[in-house]
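Here is the structure we will look at.
Side-chain atoms are counted along with the backbone in the values below, which use heavy atoms only and exclude waters and symmetry mates.
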Amino acid sequence: MSFNKSTLEQREYFYKNKFDTNKLKKFLPFKPQFFVIDPGTETKIIKNKKDLNRLIILKPDISYKELKERLIQNLPEDVYYDRNIYKDSKKCLGDFNFKEAFSSDNFIGQELSFDIDPENIINSKSLWSFNKNLIIQASKITLDFYNDLKTYFKKIEIVYSGRGFHLHVFDKEAYKLSLAERNELNKKFMKYKIDPWVSYGKIRLIRLPYSLNSLCSRICTPITQNELKNFNPDDKKYLI
């Protein structure tokens with residue numbers, strides 16, 4: 001099957017009929033304080049043209065019910081959540097510098113996550129430089145990485161992002177890692193073709209599990225280790 005961009009009609013169908021917040025609640029150890037939507041910066045397929053070149057940060061501590069309503073209303077290209085934990089989310093409004101969050105008194109910690117995308121394998125910067133074979137290659141690398149990472153952390157979840165794979169580390173001590181400690185992990189794991197900016201911590205957003213990756217019409221889906229071993233991106237569970 002091809003990896004076509006999702007139309008607005010497909011996005012609407014997905015968020016009305018398939019997006020399940022109950023699954024999301026079970027996956028995440030806590031509800032994120034911020035969700036962020038991308039209306040259409042990459043595909044240029046967008047409901048409201050005025051939102052073309054911006055990300056929209058939803059109000060702090062929005063409920064899961066409100067989140068689904070906003071997704072149906074906006075039909076975004078992508079949906080992310082903020083991995084940071086803040087003492088007071090409302091203090092992040094206005095002129096808060098998210099890029100320097102680690103040095104803020106309002107910062108508690110950040111979920112450690114790793115990103116392996118097919119374009120990393122071929123050293124391409126293009127979001128469109130992927131295909132089924134590259135995704136399968138990435139799945140094999142991710143499996144090796146997962147097995148290695150299990151020697152350092154216990155609570156690790158695997159997610160197929162629609163293009164590549166994310167490893168979410170939910171160990172409590174991992175949230176407290178400093179930028180320097182995260183950088184040391186990056187040096188240790190670069191052989192697995194990770195995107196170091198994600199695991200370093202400066203990029204706080206990560207794709208929301210169970211949301212739609214409209215760049216390729218695939219559902220961002222948590223998977224098991226066994227599913228990763230024989231991964232097929234055309235499995236119907238990943239399709240709209």
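- Of the charged side-chain nitrogens involved, at least one lies within less than 4.0 Å of a carboxylate oxygen, so that Glu227 and Lys237 count as a salt-bridged pair.
- No hydrogens or angles considered: a donor-acceptor pair under 3.5 Å links the side chains of Asp61 and Ser89.
- Taking a 6.0 Å sphere around CG of Asp105, one finds it holds 12 or fewer heavy atoms contributed by other residues, nucleotides or ligands.
- The side chain to side chain donor-acceptor pair (under 3.5 Å) search around Lys188 returns none, not counting sequence neighbours.
- Panel note: side chain Thr21, backbone Leu24; no donor-acceptor pair is recorded below 3.5 Å.
- Between the side chain of Thr221 and the backbone N or O of Ile219, at least one donor-acceptor pair lies under 3.5 Å.
- Summarising the geometry of Gly162 relative to Ile135, their closest heavy-atom pair is O-CD1, 4.3 Å, with the distance given to 0.1 Å.
- Annotation: ring pair (Phe, Tyr, Trp, His ring centres under 6.0 Å) contacts involving residues 198-236, sequence neighbours excluded, comprise Tyr160-Phe231, Phe165-Phe231, Phe231-Tyr238.
- Thr224 and Asn226 share no donor-acceptor pair across their side chains, judged by distance under 3.5 Å alone.
- Summarising the local packing, NZ of Lys140 is surrounded by 12 or fewer heavy atoms from other residues, nucleotides or ligands at distances under 6.0 Å.
- Clustering ILVMFWY residues whenever any of their side-chain heavy atoms sit less than 4.5 angstrom apart, transitively, puts Ile240 in the very cluster that holds Leu71.
- Note on Phe27: it does not cluster hydrophobically with Leu167, by side-chain heavy-atom contacts below 4.5 Å among ILVMFWY residues.
- Between the side chain of Glu111 and the backbone N or O of Val169, no donor-acceptor pair lies under 3.5 Å.
- For Lys91 against Asn106, the heavy-atom pair with the smallest separation is CB-ND2, 3.6 Å.
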Would you please test Tyr64 and Lys25 for side chain to side chain contact (heavy atoms under 4.5 Å, CB included) and show each step? CA-CA 8 Å; Tyr64 283 114; Lys25 290 178 188 177; 3.4 Å; yes
Pair Gln33-Lys90, side chain to side chain contact (heavy atoms under 4.5 Å, CB included): steps then yes or no: CA-CA 9 Å; Gln33 291 166 297; Lys90 293 181 180 178; over 6 Å; no
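- Between the side chain of Asp115 and the main chain of Val198, no donor-acceptor pair closer than 3.5 Å is present.
- Judged as a side chain to side chain donor-acceptor pair (under 3.5 Å), and not counting sequence neighbours, Thr151 has no contacts.
- One N or O on the side chain of Asn17 and one on the backbone of Tyr13 form a donor-acceptor pair closer than 3.5 Å.
- The neighbour count for Lys18 NZ, taken as heavy atoms of other residues, nucleotides or ligands under 6.0 Å away, is above 12.
- Taking Pro39 as the reference, Ile46, Asp51, Ile56 meet the side chain to side chain contact (heavy atoms under 4.5 Å, CB included) condition, with sequence neighbours excluded.
- In this view, Asp234 and Lys132, Arg218 satisfy the salt bridge (charged side-chain N to carboxylate O under 4.0 Å, His left out) rule, not counting sequence neighbours.
- Using a 4.0 Å cut-off between charged nitrogen and carboxylate oxygen, Arg163 and Asp117 count as a salt-bridge pair.
- The side chain to side chain contact (heavy atoms under 4.5 Å, CB included) test applied to Ile206 returns Tyr81, Arg83, Ser113, His166, His168, not counting sequence neighbours.
- Under the rule for a side chain to side chain donor-acceptor pair (under 3.5 Å), the partners of Asn147 that lie at least two apart in sequence or sit in another chain are Gln225.
- In terms of modelled atom types and a separation under 3.5 Å, the side chain of Lys202 and the main chain of Trp197 share no donor-acceptor contact.
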Evaluate the side chain to side chain contact (heavy atoms under 4.5 Å, CB included) criterion for residues Val79 and Tyr15: first the C-alpha distance (whole Å), next the side-chain angles of each, then the deciding distance (0.1 Å), finally the verdict. CA-CA 11 Å; Val79 187; Tyr15 284 111; 3.4 Å; yes
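- One hydrophobic cluster, built from ILVMFWY side chains closer than 4.5 Å, cannot hold both Ile203 and Ile85; they sit in different ones.
- With hydrogens and angles disregarded, no donor-acceptor distance shorter than 3.5 Å links the side chain of Asp38 to the backbone of Leu55.
- By the rule that hydrophobic residues join a cluster once side-chain heavy atoms approach within less than 4.5 Å of another member, Ile156 and Leu143 end up as members of one cluster.
- Of all the heavy atoms in Gly201 and Gln110, the pair that sits closest is O-NE2, 2.9 Å.
- Every residue meeting the side chain to side chain contact (heavy atoms under 4.5 Å, CB included) condition with Ile122, not counting sequence neighbours, appears here in chain and number order: Ser124, Ser129, Leu134.
- For Gln73, the side chain to side chain contact (heavy atoms under 4.5 Å, CB included) test picks out Arg70, with sequence neighbours left out.
- The distance from atom OG of Ser178 to atom CD of Glu184, rounded to the nearest 0.5 Å, is 9.0 Å.
- Across every non-hydrogen atom of Met190 and Pro196, the tightest pair is SD-CB, 4.2 Å.
- Taking every heavy atom of both residues into account, Ile62 and Lys31 meet most closely at O-NZ, 2.8 Å.
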Let's go through Arg11 and Leu212 carefully: what are the C-alpha distance in whole Å and the side-chain angles of both, what is the deciding distance for side chain to side chain contact (heavy atoms under 4.5 Å, CB included) to 0.1 Å, and is it a yes or a no? CA-CA 7 Å; Arg11 297 181 195 177; Leu212 178 63; 4.1 Å; yes
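- By the 30° and 60° cut-offs, the orientation of the rings of Phe107 relative to Phe102 is tilted.
- Under 4.0 Å is where a charged nitrogen must lie from a carboxylate oxygen, and between Lys176 and Glu173 no such pair does.
- In this structure, the side chain of Lys68 engages the main chain of Phe19 through a donor-acceptor pair within 3.5 Å.
- More than 12 heavy atoms of other residues, nucleotides or ligands lie within 6.0 Å of NZ in Lys44, so this atom counts as buried by the packing criterion.
- Remark: Lys59 pairs with Glu66 by the salt bridge (charged side-chain N to carboxylate O under 4.0 Å, His left out) rule, at least two apart or across chains.
- Checked by atom type and distance alone, the side chain of Ser217 pairs as donor or acceptor with a backbone atom of Asn4 at under 3.5 Å.
- Here Tyr86 pairs with Asp82, Asn84 under the side chain to side chain donor-acceptor pair (under 3.5 Å) rule; sequence neighbours left out.
- Listed by first and then second residue, the ring pair (Phe, Tyr, Trp, His ring centres under 6.0 Å) pairs that reach into residues 132-158 are Phe114-Phe145, Phe145-Phe189, Phe145-Tyr192, Tyr152-Phe189, sequence neighbours excluded.
- Between Lys154 and Lys150, the closest heavy-atom pair is O-NZ, 3.0 Å.
- Under the 4.5 Å side-chain heavy-atom criterion for grouping Ile, Leu, Val, Met, Phe, Trp and Tyr, Ile223 is not connected to Phe170 through any hydrophobic cluster.
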